[in-house]
Amino acid sequence: QQTLAKDASKKRCYDFLNMTSRSFAAVIQELDDELRDAVCLFYLVLRGLDTIEDDMTLDLDRKVELLRSFDQIIYKEGWTFNENGPNEKDRALLVHFDVVIAEFLRLKPEFQAVIANITKLMGNGMADYATGEHRENTSVATIKDFDLYCHYVAGLVGYGLSDLFAASGLESEEIAKDKALSNSMGLFLQKTNIIRDYREDLDDGRQFWPREIWGKYADKFSDFIQPENKLKAQYCLSNMVLNVLDDVPQVLTYLSKLRNQSVFNFCAIPQVMAISTLALVFNNLDIYHRNIKIRKGEAVKLILDSTDMDNVVSIFRHYVFEISRKNEATDPNFMEISMAIGRVSIQV
Ligand SMILES: O=C(O)CO[C@@H](C(=O)O)[C@@H](OCCCCCc1ccc2ccccc2c1)C(=O)NCCCCCc1ccc2ccccc2c1
Ligand SMILES: [Mg+2]
Ligand SMILES: [Mg+2]
C-alpha cells in the first residue's frame, strides 16, 4: 500500500512539472535516472518560490516573509498556500505544495541540501530586490543591478544544477567549480526572456530592463510603444541584445565540458532556443506590442539537432550570423554589436 501511495505522489509531481513548464518539462523528463527526480523537484520548489515572487496582489510584508523562509517551508510536511491571487498562473502548485514537499523529503540528503541552499539564496535575493530602494515601480536601475537580479533568479539555478550534476556522478566535480560559467547559463536564458517579455511585463506593471540602458533612448519605459519613437525603440532593443551577447562565449564553454548525453541535451536545448529567440527579437519592433515566439517547426528542428557540441556550435553560428545580417550601420550600437559578434565568431 505504501509504495502505491509513494508512486502516486511522484506521478503528481510530474503532472505539476508538465502543468507549470512548457520549455523545461520535456528536457527534465529525459534526464538519466540518477538525476531526473532531483531536477524535477528542484524545478518545482523554485517554481513555487517564483509563484510567490511574481504575485503582485500579495501584501509586500507577507511576500518577503514567505520568500525569506521558503528554504524552511520545504521541510514542513503538509504545508500548502492558497493566498495567491485568482489570476496567478501557477497558484495550483502552491495549493497542493504538500505533494512537492513529500517528494522533496524522499530525495538523497545531498540533493536536498543543494536545493535548500539555492532556495535560501534565491528567496533572499528576490526579497532584497522586492524591498530595494527602486521598489516603487519594481525597476532595475544599473546594468550591475540587472546582472544581480538575473543572478538571483536564474544564475543560482545554474549553480544548483551544476552541483546536482556533480553530486549525481553523471558529470565531474569540475563542472560545479567555475561559478561564472554556471551563472552565464542562467543569465543568457533569463535576459533573453526579459527582452522577449517587454510588453507582457509592462502590462503587469513590471520592468526588468535596466534604466542605465533604456534611459539613453527615452524618458519613460513605456515610451517605446509609441510609433513616433520607433527609431529609439529599435536602438534600445539592439543595446539590450548587445548586453546579452556577452554571455554567449561562457555558455558554449560550459556546454563543451559536459560528458553525459542526457545532461548535454537538457542543458543545450534551452540555450539553442534562447539564441534562436535572440535572433528573432533583434531589430524586431513587434516585441513592443506582443509576445513573439519562434515557430513550432523551427523549435522541433532545434531540439532534434542539439545532441552534440558540433551541431550546437553551428546552430549558434547560424543565428549569430543572422544577427550580423540584421545589424544596421545607422544604429549607434552597430560597432559594439559587430565586435561582440566577432568575439563569438572566433569561437564558433
Ligand atoms: O513564471 C514563469 O513562467 C517564468 O518565470 C520567470 C520570472 O518570473 O522571471 C523566471 O523565473 C525564475 C525563477 C524560478 C526559476 C525556476 C527554474 C527554471 C528552470 C529550471 C530548470 C531546471 C531546474 C530548475 C529550474 C528552475 C524563469 O523561469 N525564467 C526562465 C529562465 C530561468 C533559467 C534557469 C536555468 C538556469 C540554468 C540552466 C542550465 C541548464 C539548463 C537549464 C537551466 C535553467
Ligand atoms: Mg515567473
Ligand atoms: Mg519571477
Side-chain angles (χ1 to χ4, degrees), residues 16-17 19-31 35-56 58 63 67 70 84 87-91 93-94 100 104 111 114-115 118-119 121-123 125-127 129-130 138 140 146 149-165 171 175-176 179-198 200-201 204 206-209 244 247 250-251 254-255 257-258 260 262-274 277 291 306 312:
F16 285 127
L17 174 67
M19 183 186 82
T20 60
S21 162
R22 288 182 313 281
S23 39
F24 294 106
V27 286
I28 289 175
Q29 286 168 118
E30 292 304 309
L31 283 164
L35 261 177
R36 191 182 314 110
D37 292 348
V39 174
C40 174
L41 269 304
F42 187 39
Y43 176 87
L44 292 176
V45 165
L46 296 186
R47 185 55 68 212
L49 180 67
D50 183 53
T51 301
I52 288 169
E53 188 219 24
D54 288 356
D55 189 337
M56 304 309 270
L58 280 178
K63 177 182 285 197
L67 292 174
F70 212 74
N84 273 129
N87 303 329
E88 197 52 46
K89 80 178 151 63
D90 295 331
R91 75 183 307 278
L93 175 65
L94 290 175
V100 174
F104 166 75
F111 287 152
V114 169
I115 294 170
I118 297 300
T119 301
L121 293 171
M122 187 182 290
M126 286 172 163
Y129 169 77
T138 66
V140 176
F146 185 47
Y149 177 72
C150 292
H151 165 69
Y152 285 145
V153 301
L156 288 173
V157 179
Y159 281 23
L161 287 169
S162 297
D163 290 338
L164 293 176
F165 297 160
E171 294 293 340
I175 197 70
K179 300 287 187 198
L181 295 183
S182 298
N183 195 55
S184 285
M185 291 291 280
L187 258 56
F188 189 62
L189 301 182
Q190 182 66 15
K191 287 186 170 185
T192 299
N193 282 4
I194 284 174
I195 294 176
R196 184 201 62 198
D197 295 345
Y198 168 90
E200 183 182 301
D201 288 332
D204 281 353
R206 303 195 303 177
Q207 53 186 32
F208 295 106
W209 293 21
V244 179
D247 283 302
Q250 305 222 68
V251 164
Y254 183 95
L255 292 174
K257 289 172 177 281
L258 297 174
N260 176 276
S262 76
V263 171
F264 182 85
N265 298 348
F266 165 72
C267 292
I269 289 169
Q271 303 298 335
V272 297
M273 295 297 175
T277 301
N291 208 307
S306 307
V312 166

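Both ligands and their constituent atoms are indexed starting at 1 by order of listing. When reading the values below, keep in mind they use all heavy atoms of this one structure, side chains included, and skip hydrogens, waters and symmetry mates.
Where the criterion is an N or O separation shorter than 3.5 Å, residue side chain and backbone included, Tyr43 fails it with respect to ligand 1. Considering both main-chain and side-chain atoms, Gln271 never comes within under 3.5 Å of ligand 1 through any nitrogen or oxygen pair. Of the N or O atoms in Tyr149, none lie within a sub-3.5 Å distance of an N or O in ligand 1. Polar contact with ligand 1: present for Lys89 (N/O pair, distance under 3.5 Å). Here's the thing with Arg47: one of its N/O atoms is less than 3.5 angstrom from an N/O atom of ligand 1.
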### Task
Determine, stepwise, if the pair Arg196 / Asn291 fulfils side-chain contact (heavy atoms from CB on, under 4.5 Å).
CA-CA 6 Å; Arg196 184 201 62 198; Asn291 208 307; 3.5 Å; yes

### side-chain contact (heavy atoms from CB on, under 4.5 Å) evaluation trace for Cys267 with Leu258
CA-CA 9 Å; Cys267 292; Leu258 297 174; 3.7 Å; yes

### Task
Please report the C-alpha distance between Phe146 and Lys191 in whole Å, then the side-chain angles of each, then the deciding distance to 0.1 Å, and finally whether the side-chain contact (heavy atoms from CB on, under 4.5 Å) criterion is met.
CA-CA 9 Å; Phe146 185 47; Lys191 287 186 170 185; 3.4 Å; yes

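Ranking the protein heavy atoms by distance from atom 41 (C) of ligand 1 puts Phe266 CE2, 3.5 Å first. Counting only heavy atoms of the protein, atom 30 (C) of ligand 1 lies nearest to Asn193 ND2, 3.5 Å. With respect to atom 6 (C) of ligand 1, the closest heavy atom belonging to the protein is Asp50 OD2, 4.0 Å. The shortest contact between atom 15 (C) of ligand 1 and any protein heavy atom is with Val153 O, 3.8 Å. Of the protein's non-hydrogen atoms, the one nearest atom 21 (C) of ligand 1 is Phe24 CD2, 3.9 Å. Shortest contact from atom 44 (C) of ligand 1 to any protein heavy atom: Leu189 CD1, 3.7 Å.
Proximity of a side-chain donor or acceptor of Ser21 to a complementary backbone N or O of Leu17 within less than 3.5 Å is not detected.
Between Tyr152 and Tyr129, a ring centre-to-centre spacing not shorter than 6.0 Å is recorded.
If you number the atoms of ligand 1 from 1 as listed, the ones under 4.0 Å from a heavy atom of Asp54 come out as 1 (O), 8 (O). Atoms of ligand 1 found under 4.0 Å from any heavy atom of Gly158, numbered from 1 in the order shown, are 36 (C), 37 (C). The ligand atoms of ligand 1 that sit less than 4.0 angstrom from a heavy atom of Gly186 are 36 (C), 37 (C). Applying the 4.0 Å criterion to heavy atoms of Phe42 picks out, from ligand 1, the atoms 23 (C), 24 (C).
How far CG of Asp55 is from CG of Asn84: 4.5 Å, rounded to the nearest 0.5 Å. Rounding to the nearest 0.5 Å places OH of Tyr159 at 15.0 Å from CG of Leu164. Expressed to the nearest 0.5 Å, how far CG of Asp197 lies from CZ of Phe208 amounts to 9.0 Å.
Around atom 35 (C) of ligand 1, the closest heavy atom drawn from Leu156, Val157, Ile115 belongs to Val157. With atom 10 (C) of ligand 1 as the reference point, the heavy atom nearest to it among Arg22, Gln190, Met122, Arg206 is part of Gln190. Within the set Leu161, Val45, Asp201, the minimum heavy-atom distance to atom 42 (C) of ligand 1 is found for Leu161.
Taking 4.5 Å as the limit, every side-chain heavy atom of Ser182 sits out of range of all side-chain heavy atoms of Leu161. You'll find the side chain of Phe165 stays beyond 4.5 Å of the side chain of Asn260, heavy atoms only.
Results of the side-chain contact (heavy atoms from CB on, under 4.5 Å) test with Met185 over Gln190, Gln250, Gln271 single out Gln271 as the only residue that passes.
Protein nitrogen, oxygen and sulfur atoms, that is N, O or S, within less than 2.8 Å of the Mg ion (ligand 3) amount to 3.
Classified by interplanar angle (parallel below 30°, tilted 30° to 60°, perpendicular above 60°), the ring pair Tyr43/Phe24 is tilted.
Residues Val312 and Ala268 approach most closely at CG2-CB, 4.0 Å, considering heavy atoms.
A salt bridge is absent between Lys89 and Asp54: the closest approach of a Lys/Arg side-chain nitrogen to an acidic carboxylate oxygen does not fall below 4.0 angstrom.
In this structure, the ring pair (Phe, Tyr, Trp, His ring centres under 6.0 Å) partners of Tyr198, at least two apart in sequence or on a different chain, are Trp209, Phe221, Tyr288.
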